[in-house]
2 protein chains.
Amino acid sequence: MVTIRDVALKAKTSIATVSRVINNKPGFSEETKQKVQQAMKELDYETNEIARSLITNKTNTIGVIVPNIASMLTHDLLNGIENLSQSRKYSIIVCYTYSNHERTMEYLKTLKEKRVDGIIFTSENLTDKNIEYIKKINIPIVLLSTFSEKYKLPFVKVDDYQASYAAVEYLIGKGHKNIGMLSGDPNDKIAGEPRIKGYKDALKKHHLFSNEEHIVVGNNFSFEDGRTNLVTLLEKFPEMTAIFSASDEMAAGAIATAHEKKINIPEELSIIGYDNILVSQMVYPPLTTIEQPLYDMGYTAAEMLFQQIDEKELINKEVYLPFKIIERESVKVMDSL
Amino acid sequence: MVTIRDVALKAKTSIATVSRVINNKPGFSEETKQKVQQAMKELDYETNEIARSLITNKTNTIGVIVPNIASMLTHDLLNGIENLSQSRKYSIIVCYTYSNHERTMEYLKTLKEKRVDGIIFTSENLTDKNIEYIKKINIPIVLLSTFSEKYKLPFVKVDDYQASYAAVEYLIGKGHKNIGMLSGDPNDKIAGEPRIKGYKDALKKHHLFSNEEHIVVGNNFSFEDGRTNLVTLLEKFPEMTAIFSASDEMAAGAIATAHEKKINIPEELSIIGYDNILVSQMVYPPLTTIEQPLYDMGYTAAEMLFQQIDEKELINKEVYLPFKIIERESVKVMDSL
DNA sequence: GTGAAAGCGCTAACAC
DNA sequence: GTGTTAGCGCTTTCAC
């Protein structure tokens, strides 16, 4: 392995000077700079970041914790994080938890041991144990598409309640009165509960009937969930003319089942999704949905993390990014209008 | 920061002994072990992997280079890699190249500087410059879903030629005689050229007409490509009854366009895809496609990498994994049969 | 079974 | 402008 010492030898100078030119710190002449750079080139010298990290206490690496590689949300989020990180010369260690709290703790521990400079924690319900550990290890963190009620950790997300409310109100605006919901886990404080509340409140606001039976709960917002749960929903709520699905993947599943059952979308049944992932364009009919600005969310989270790492004051610790309704072809205007 | 020295002090022993119990290396009594572990607990001691890496020359980290976060292939591949890595106590640094060779070189350099123990290089055409650098830095590597003609680097992939041949032969077996192709870049030595060759050879073998005009080339195997290129293909080849699409995403795009144009699939036009990503179930009609065992491919690549890292002999340096035809509903049996 | 000490490759404080 | 040196937190001889 070629070290700074070899370079110094070849350039007939000291390791301190070599270090200076590498890091472009004051204290060398143009002439020695040339000699050093020449020597580095000839020897194919490359910095040992490990050695550097040991002394600087900086690794230029961040950890990104995501629940599930299979979820398509993850990618757009990661994309935003990665783009800023790369331009800031940071590397990313990805950690998939599969929503397993043990595994999450393991990863948190690894990230600490590897001395990452910061952590982005994505769309997952944090346990108190997780958060207490995070507080203890004292690594800058930002929560992405999630937040903690109990502890004040910086986060970026969209307002799930408002977005869901808007989705349902959109359906109502198109003349629908019998609106069912395909939901995630109601105990999920992020993507579960608030979206259900948004649904119920929009209904109430417009004096429409809201019934627990009209909400069918899935396991993980997945295609499979949508597939099977449409059937249940149809049985419980035969008069239904429209569905609010708490994820695009579930909506895609519902659409697949509708095709099988020869239910015409949107003529017989309207559906609005949530997320605006690529899939929403791929299904037929193309899905009307609530857009989360996933790329921007990832990018913003990374920005907030780097601000903390650079020890700048975080102006805004709680950032809500705007959602948007993307109109495609899965919602029909009711004749009565 | 609490170090091994603090632990030694508290346990009234030497740092050497603490190190021994941490690494479970011979040379300590049960009694000191207890004392040391007690001290570590009380102090919340956690290993500094950076310091350890500096001396052991091992980081327990691998780099995974992937072209595009947006491609859904990536995830299944990563999933396999991640699962084995996590159980082997390795972390993963992900690098997205966006098929940019400069960016690839930058990442390779970073990976070297961060002293990763190995690299998995995924589905991308490697430039000679890339490979020469890889050879020079002397880090174990395995190519995933790609390979190098010129240099002998271990790889795992499926046989693109055979798989494409089989796909087209499947169409022929269903009675189709006018088969078009939605292709990727023909200069792409991995997913471009061999798949085109498989298509042509299958046609020839069955004495069917093969015409360059019947192959429409896209940019990056994407949904958008499929969307726009179906139109072109239809113009050039109006008698066409079936399409072989070199990716599921392109197939999904073609299906979307077909819906717009009121072309019935599979009644008026059959289509077979390539990859068997989740999307192939989500489109309507569900897509008949060639399955690549993506998870297994990732897992196997990781296995091969760890074997190299552990300095075991790689028995098989060139592994081809089997493809499979997944029959769904996008291919019609021709009446003539 | 245990401790002292060298040193991994680097940065930074200090002296000149 | 430049070199010497201490030391980051750890593992690993080597001596006892």
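Here the structure is a predicted model, which is why all the values come from computation and not from measurement. Each chain gets a letter, A, B and so on, in the order its sequence line appears, and its residues count up from 1.
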Distance, nearest 0.5 Å, that separates CD1 of A:Ile119 from CG of A:Leu111: 4.5 Å

Axis deviation across the helix from C:dG1-D:dC16 to C:dC16-D:dG1, five-pair ends, to the nearest 10°: 40°

Protein-to-nucleotide contact annotation, 5' to 3' order, nucleotides 7-14 of chain D [B base; S sugar-phosphate only; - none; under 4.0 Å, heavy atom]: BBBSBBBB

A:Glu31 CD - D:dT2 C1' separation (whole Å): 13 Å

Gap between atoms CZ and P, on A:Phe28 and D:dG3 respectively (whole Å): 13 Å

Partners meeting ring pair (Phe, Tyr, Trp, His ring centres under 6.0 Å) with B:Phe306 (sequence neighbours left out): B:Tyr90

Whole-Å distance separating the NZ atom of B:Lys33 from the C1' atom of C:dT2: 17 Å

Residue pairs, two or more places apart or on separate chains, that pass salt bridge (Lys or Arg N to Asp or Glu O under 4.0 Å) and touch residues 131-148 of chain A: A:Lys136-B:Asp44

Sugar-phosphate only, base, or nothing, as touched by B:Ser53 at under 4.0 Å among non-hydrogen atoms: nothing

Ring pair (Phe, Tyr, Trp, His ring centres under 6.0 Å) against B:Phe28, all qualifying residues, sequence neighbours excluded: none

Protein-nucleotide distance (A:Asn24, atom CG; C:dA12, atom C1'), rounded to Å: 16 Å

Pairs touching residues 110-148 of chain B that satisfy ring-ring contact (aromatic ring centres under 6.0 Å, His included), sequence neighbours left out: B:Phe147-B:Phe155

Sequence neighbours excluded, every pair satisfying salt bridge (Lys or Arg N to Asp or Glu O under 4.0 Å) that has a member inside residues 33-43 of chain B: B:Lys10-B:Glu42

Minimum side-chain heavy-atom gap B:Asn130-B:Met105 below 4.5 Å: yes

Whole-Å distance separating the NZ atom of A:Lys12 from the C1' atom of D:dT2: 17 Å

Residues that B:Arg103 engages under side-chain contact (heavy atoms from CB on, under 4.5 Å), provided they are two or more places apart: A:Glu82, A:Asn83, A:Gln86, B:Tyr98, B:Asn100, B:Tyr107

Phosphate OP1/OP2 of C:dT2: any B:Thr13 side-chain N/O under 4.0 Å: no

Qualifying residues under side-chain contact (heavy atoms from CB on, under 4.5 Å), relative to B:Asn57, sequence neighbours excluded: A:Met1

Whole angstrom value for the distance that separates C1' of C:dC10 from CG of A:Asn60: 15 Å

